[in-house]
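Note that the coordinates shown come from a computational prediction; the quantities given were computed from them, not determined experimentally.
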Amino acid sequence: MSEPKLHVPAVPARPGETPDFSYVNLAPAGAVMKPDPRVPVAETVALAESLIRVLDEQGKACGPWNPKLSPDRLIVGLREMLLTRVFDDRMQRTQRQGRITFYIRSYGEEAVSVAAAAALARSDMLFPSYRNQGLFIARGVSLVELMCQLLSNTRDMCKGRQLPVMYHAAEENIFSLSGNLATQFPQAVGWSMAAAIKGESRIAAAWIGEGSTAAADFHHALTFAKVYKAPVILNVVNNQWAISTFQGYAGGEQRSFAARGPGVGIAGLRVDGNDYLAVYAATQWAAERARCGEGATLIELVTYRAGAHSTSDDPTRYRPREEFAEWPLGDPAERLKQHLIQLGAWSESQHAALLAELEETVATAWKQAMAYGTLSEGPKLDPKLMFSDVYKNMPEHLRLQCEQMEREA
Amino acid sequence: MSEPKLHVPAVPARPGETPDFSYVNLAPAGAVMKPDPRVPVAETVALAESLIRVLDEQGKACGPWNPKLSPDRLIVGLREMLLTRVFDDRMQRTQRQGRITFYIRSYGEEAVSVAAAAALARSDMLFPSYRNQGLFIARGVSLVELMCQLLSNTRDMCKGRQLPVMYHAAEENIFSLSGNLATQFPQAVGWSMAAAIKGESRIAAAWIGEGSTAAADFHHALTFAKVYKAPVILNVVNNQWAISTFQGYAGGEQRSFAARGPGVGIAGLRVDGNDYLAVYAATQWAAERARCGEGATLIELVTYRAGAHSTSDDPTRYRPREEFAEWPLGDPAERLKQHLIQLGAWSESQHAALLAELEETVATAWKQAMAYGTLSEGPKLDPKLMFSDVYKNMPEHLRLQCEQMEREA
Amino acid sequence: MTIMNMVQALNSAMDVMLARDSSVVVLGEDVGYFGGVFRVTDALQKKYGAHRVLDTPIAEGGIVGAAIGMGVNGLRPVAEIQFADYIYPAYDQIVSELARLRYRSAAAFTAPLTIRTPCGGGIRGGQTHSQSPEGVFAHVSGIKTVMPSNPYDAKGLLIAAIEDDDPVIFFEPKRLYNGPFDGDPERPAQAWTNHPMAEVPEGYYRLEIGKAAVARAGGAVTMVTYGTMVHVCIAAAEAEGIDAEVIDIRSMMPLDIDTIAQSVEKTGRCLIAHEATRFAGFGAELSASIQEHCFWSLEAPIARVAGWDTPYPHAFEWHYFPGKQRVRRSLRQLMQIEG
Amino acid sequence: MTIMNMVQALNSAMDVMLARDSSVVVLGEDVGYFGGVFRVTDALQKKYGAHRVLDTPIAEGGIVGAAIGMGVNGLRPVAEIQFADYIYPAYDQIVSELARLRYRSAAAFTAPLTIRTPCGGGIRGGQTHSQSPEGVFAHVSGIKTVMPSNPYDAKGLLIAAIEDDDPVIFFEPKRLYNGPFDGDPERPAQAWTNHPMAEVPEGYYRLEIGKAAVARAGGAVTMVTYGTMVHVCIAAAEAEGIDAEVIDIRSMMPLDIDTIAQSVEKTGRCLIAHEATRFAGFGAELSASIQEHCFWSLEAPIARVAGWDTPYPHAFEWHYFPGKQRVRRSLRQLMQIEG
Ligand SMILES: Cc1ncc(C[n+]2csc(CCOP(=O)(O)OP(=O)(O)O)c2C)c(N)n1
Ligand SMILES: Cc1ncc(C[n+]2csc(CCOP(=O)(O)OP(=O)(O)O)c2C)c(N)n1
Ligand SMILES: [Mg+2]
Ligand SMILES: [Mg+2]
């Protein structure tokens, strides 16, 4: 056999090598024009290839995408990002201590969720992935409630059935998480089609990772969104990694994920995912587009998964430790903080005080959550819950199985 | 409920209405530039949106995509197109007479298969859809062999297992047809990846209808082709209809299917599928691109399904009868004929003689095929064949079932 | 009461529900303007509009995925999968999502879908237009699986499925669309015209999902079956002159094991028949359950008659199909065994 | 001979085959550089290169679809599906294509794939990392289904699967990767170290697919099982002091019904155990087949012990899992029935 010539995507750096982000197509803050949200899809082609940024290196907001939010609003955003991070860190520690079985952090990607939530109406329906805890936090789902899910305890919203982090929040219009990647994407499209059928102005938004764009459901979502001009925002969070697999293996080599939008005929935006203002503005733009009947937008949020994939993962096996430090788009919380300081609306000491307060909030919530039990220590959920909600009414064979279980207990 | 505002794709004309092809984005013959097959994907964006045409209204070949084939080669092409058509018509009639249970014609789309086959190497592997009988004919699979499959008779290559038209031709490097739409697309990509792994220069080509681009496997194929730069040609035959469903329901409204290629990062060409020369040239270009390691090309072939979907279908229920007559890209056989006449290499009388000869060829083949039996008249296939080839070696339980069947016969 | 064939009865069920409940929507490939390749949704789009009867892209996974989202947003989608052979691209959305949503969210979210799909052979469809995949759905907890055998049941069960808050996979034996079929391909095709179960009320009615029907009463042997095979079993019993009780289970899940067990306890013998391949098919569950319930009453081994464990071949359709002859033979053997 | 755990044994099987046969390729999500989330393909890419051990996009349907094409072009792909719970997006390519290709083309085209996938619970994976979907594959003619219960079998059967010209779905009970598991979650996790079946030759050997193993000989009752439940059944029999014969079927299709029937004819009693949900699970086929073969020898109804008919819940994993206590109780009941 002659020399094989199958192309395999290049991975910029493996452990021991120097991080190399030269492949990331950058653009200076403020450089990208902002068309009317009603423009034809073709006019978003450039937006899908460039990078929408508002915050520059100095923390100044610039350009047409600046959403001009009040400092108060920005401080709320900063608070939500930091709360997400403090919560994540604490939950990760509890996992290490064996209190919860599994955890997934969103470290480094907090803006993606928090800024989007801020730009959408509360009545809009959100279809998250497992790395969008920021949506729950920004919509005000109580930390105790989230923690009880993580603990599978007596107040677990999932009644012990789901792996930690697989939350939902019906009252806050956040859909139930699934372990199966990308399945929520066509569901979000269908949800938004139903809103349009009913003549409501509510829209849907969904999130998946860049790795998950390879899944069939990504394609289903784009096709249905295009065909019916569904009022939905389809977010692809490109955090460069899918467990150990580099984004090039999802098709990211020399091609933005946002370009898939115009490819099928829906608007596409490529956005600095670590820039709170840019994420806010892009989401707002896409929401307006959806609400005025122009259909879906595919938003690629360029960010970096700063932590491990999950508590089951060890990223030092497949990428250099130093990558996050070299990541050209920085840390979203840090950048918003600098912006607020630069505006004169925030200070290092306020920041420190906020962090301390959030630590305290999380610690208090944790104590409260633990009082409702843990997976291993009582009070515990009744195992009979295993048999309910399989169907609306328990069928006879499940009733018998439940009885059998009780007899044998 | 207020007024529903879900968008549903507009269908230009329903039965009783006037055909309207103003939605088809045309371009004059010769208008589109022809870059080197090694160009970066971005340089094919325009090619994916325009329309590559060689034959003009007068039947003259023009522009950079003219493959400059010899008149002799063109006459072979014309013959293959006409043979396909004569074969189709005859088989359709036999179906109406009840000799075969089912048939699918390629009427109006013959160039798509026949010109592509001409532009590829015999060692290249073809993954057809059910409307690519022209590939089998152009590769010289005998008509008798095809007919025996249609008849499920004693010489049926499928041993009675498949619906008519589900051919294969291993020696001629044509893959086995499946009833399930689009499944062959990722298979073709995988086949071509294997060729690259083995260091061979063989490439693969696959065909699906535009309706089938909505299937998950279309996306799988594009993703894998992009990631591994697979040496494959992915053809989308946009014949405007998928049974009763207009191409807008596959996402064709105001967007070419070829644009999906650049959308994911592979080359895209939009081609006049009724122009033998254009199809030939585009296929040749894509084959060269694949062979020199630049990866896959998505080719959209713009054509019209002139006949019913299949013998089970009645298109007058959902589209105007007159559509084909109004179709702006005409009839592929007619156009090549005009070109040859215009070149002085062909005449009406030669054409008539050729048609008569082909009718004769088909009639002779049919007689021969019928001699090997039909589904209802002997000689017949041995029903025991039902049990072989499920596995390489017949497992015990199938052996017993086969015995049981024989006992009960 | 009108005489309806199964296509008309199913159409009528959707018509009634579209009219009664504004949250009902119908979607699928070719179901809108055209009315479906089997014409089951004929004229519904014209009557209810293109926003309630939707033509869709050819993506079964997308149809079910989008329909789940619609269901979550308060609609009651009735999705058609053009052939049961093409339901597999939607298998993930059905198994991982539709079947699990209520459970995983502790009923915070639900999607009351009905997925209709024509199944079974007997129309020369070959290996990709003839499958009966009910077995691979019956195993999945969280969904119900239904297969009617006549127009009256078809309409009553489809209305029940649409109203059901649980997801229902609704299999339609396409060989029965236009008439009953006793499994003898040599006989001319029958119409529903004179069949008692073809008398169908025009308006609303529903049948409970999960109740078997005694399609023929008898005392000598119990034949447990569903779909097309109900007719074949009755014909076989009659041809053999055997006093068989034929039970049409109508739904695999929930399974009305009580009705079945009562009959088997009475007769002491049982034959199970279905068109799907035999190995690990739904007949296995029937056999296992019956054996568990009626072990001490059984006078002979439970017999299974089913499609062979091969794909459904085009040319050998009638060798494959578990037709009247095969059922008769098996029944005869079963009756000859001395208990 | 070396002591290997199941991960090492499976890794060794692929290592041996990659070295012996240049047409063998390994592909899947995270299987290349990283060596797989369960490390089953550890170090193989380093040894054989990125063209023979391929990381893939996250698209199970694409992985199988592409692998079929590779198989058609002369390779022997070994595809990993990261969790059996994620095999459903590939269900269509497996059922409609992989399983049918040889048949529909009258053997003109074939694709000798092996699809490996970790299944089963016991690792706190919750409802989407714990499923045992063998039943919905066993029903599909044209593929073989294998599930080993120990390192020695795992390697020998995986080599056989890779060499098999038919497609094989190879289920790996992930709870057994690092050690045997007797079904008692309270006991500390065991390692394979002292288990006789952890003695694994380093080189090439193969076991025939389709032959059951007698995992424990006995005369009082036959326990028919596979995967993790083999260990649970042995432990339960020993805890009850019952002279049970435990049969590890090792493959569902082909099913070694002869070995099973011989044993049941000898013992007159049978208990079937698997982790998958009970309703219409593979245990139903086992029960139905055994009943057909051994009716006259059975002294008591065949019993089934299985996962409940619910999704696999995170918090109630040990209530769900058919553990030692549940098997013991069922075994005891079975033995108490007077035949
Ligand atoms: C259908 C399916 N296949 C595989 C997996 C296993 N899996 C879980 S997360 C993951 C990586 C996802 O990467 P990406 O989409 O980029 O999201 P990220 O984790 O980076 O946020 C994989 C392969 C799964 N959960 N579902
Ligand atoms: C997975 C799957 N879904 C549905 C069908 C039924 N079906 C057969 S052909 C067809 C239309 C295909 O249209 P298109 O892809 O445009 O090809 P064309 O017939 O126009 O050549 C449909 C829906 C099928 N064969 N497979
Ligand atoms: Mg990622
Ligand atoms: Mg078409």
Side-chain angles (χ1 to χ4, degrees), chain B residues 1 4-6 8-9 11 14 101-102 152-153 156 158-164 166 178-183 209 211-218 242-246 249-251 309 312-313 317-318 375 380-381 383-390 395 397-398 401-402 404-405 407-409, chain C residues 22-23 25 29-39 42 45 49-52 54-63 82-83 85-86 88-90 92 123-130 277-279 306-320 323 325-326 328-330:
Chain B
M1 286 201 302
K5 51 176 192 170
L6 185 78
V8 287
V11 178
R14 289 298 192 182
T101 55
F102 177 78
S152 298
N153 71 14
D156 174 8
C158 299
K159 298 196 180 150
R161 293 162 190 159
Q162 288 245 64
L163 211 57
M166 301 289 165
S178 171
N180 304 66
L181 295 171
T183 48
S212 305
T213 60
D217 279 327
F218 175 72
I243 310 183
S244 77
T245 308
F246 180 63
Y249 281 89
H309 170 72
S312 312
D313 178 46
R317 298 187 83 121
Y318 53 80
L375 196 52
K380 288 192 181 184
L381 281 170
K384 277 189 300 193
L385 286 169
M386 175 159 57
F387 296 95
S388 52
D389 297 330
V390 182
H397 73 291
L398 284 182
Q401 293 183 6
C402 185
Q404 185 187 338
M405 181 189 75
R407 262 198 318 275
E408 294 179 356
Chain C
S22 66
S23 67
V25 295
E29 297 159 16
D30 301 297
V31 305
Y33 186 88
F34 187 53
V37 296
F38 290 104
R39 325 245 16 94
D42 193 30
Q45 185 180 77
H51 296 94
R52 301 212 34 220
L54 282 80
D55 281 310
T56 64
I58 304 173
E60 290 77 11
I63 292 169
Q82 203 163 79
F83 284 87
D85 314 65
Y86 303 139
Y88 307 126
D92 186 50
I123 64 151
R124 286 278 188 228
Q127 60 131 0
T128 58
H129 298 86
S130 306
T277 49
R278 171 188 171 108
F279 194 76
W308 306 121
D309 288 315
T310 76
Y312 214 124
H314 177 250
F316 313 123
E317 176 150 48
W318 300 117
H319 295 88
Y320 181 91
Q325 294 316 318
R326 206 184 309 160
R328 284 180 68 172
R329 194 179 184 103
S330 187

With rounding to the nearest 0.5 angstrom, report the [atom1] to [atom2] distance, [X] to [Y].
X: C/R52; Y: B/L6; atom1: CZ; atom2: CG; value: 13.0 Å
X: C/L54; Y: B/Y249; atom1: CG; atom2: OH; value: 7.5 Å
X: B/L181; Y: C/T128; atom1: CG; atom2: OG1; value: 9.5 Å
X: C/Q325; Y: B/E408; atom1: CD; atom2: CD; value: 9.0 Å
X: C/D30; Y: B/R317; atom1: CG; atom2: CZ; value: 12.0 Å
X: C/I123; Y: B/F102; atom1: CD1; atom2: CZ; value: 10.0 Å

Under 4.5 Å from any heavy atom of chain B - which part of [X]:
X: C/Y320; answer: both
X: C/R278; answer: side chain
X: C/R124; answer: both

Check whether [X] gets within reach of chain C through its side chain, its backbone, both or neither, counting any heavy atom under 4.5 Å.
X: B/H309; result: neither
X: B/L381; result: both
X: B/D313; result: side chain
X: B/A242; result: both
X: B/K380; result: neither
X: B/I243; result: both

- Message: Less than 3.5 Å apart, any donor N or O on the side chain of B/T245 or C/D55 sitting next to an acceptor on the other?
- Response: no
- Message: Using a 4.5 angstrom heavy-atom cutoff, name the option from B/S312, B/A182, B/P164 with the most pairs to chain C.
- Response: B/P164
- Query: Taking B/G251, B/P395, B/P383 one by one, which has the highest count of heavy-atom pairs under 4.5 Å against chain C?
  - Reply: B/P383
- Message: Can you list everything that forms a side-chain contact (heavy atoms from CB on, under 4.5 Å) with B/A214? Sequence neighbours excluded, please.
- Response: A/T223, C/P57, C/A59
- Item | Most chain B-contacting option - heavy-atom pairs closer than 4.5 Å, from C/G126, C/P313, C/G35 | C/P313
Show the nearest heavy-atom pair for residues [X] and [Y], with the distance to one decimal.
X: B/V390; Y: C/P311; answer: CG2-CD, 4.1 Å
X: C/A50; Y: B/V8; answer: O-CG1, 3.8 Å
X: C/W308; Y: B/M386; answer: CD1-CE, 3.4 Å

- Check the pair B/R161 / C/T310 against side chain to side chain contact (heavy atoms under 4.5 Å, CB included), numbers first and verdict last. CA-CA 10 Å; B/R161 293 162 190 159; C/T310 76; over 6 Å; no
- Classify the ring geometry between B/Y318 and C/F34 as parallel (under 30°), tilted (30 to 60°) or perpendicular (over 60°). perpendicular
- Heavy-atom side-chain contact between B/M405 and C/H319 under 4.5 Å: yes
- Item | Short side-chain to backbone donor-acceptor contact, C/Y86 and B/G179, under 3.5 Å | yes
- Message: For a side chain to side chain contact (heavy atoms under 4.5 Å, CB included) check, start with the C-alpha distance between B/M166 and C/H314, then their side-chain angles and the critical distance, and finish with the verdict.
- Response: CA-CA 11 Å; B/M166 301 289 165; C/H314 177 250; over 6 Å; no
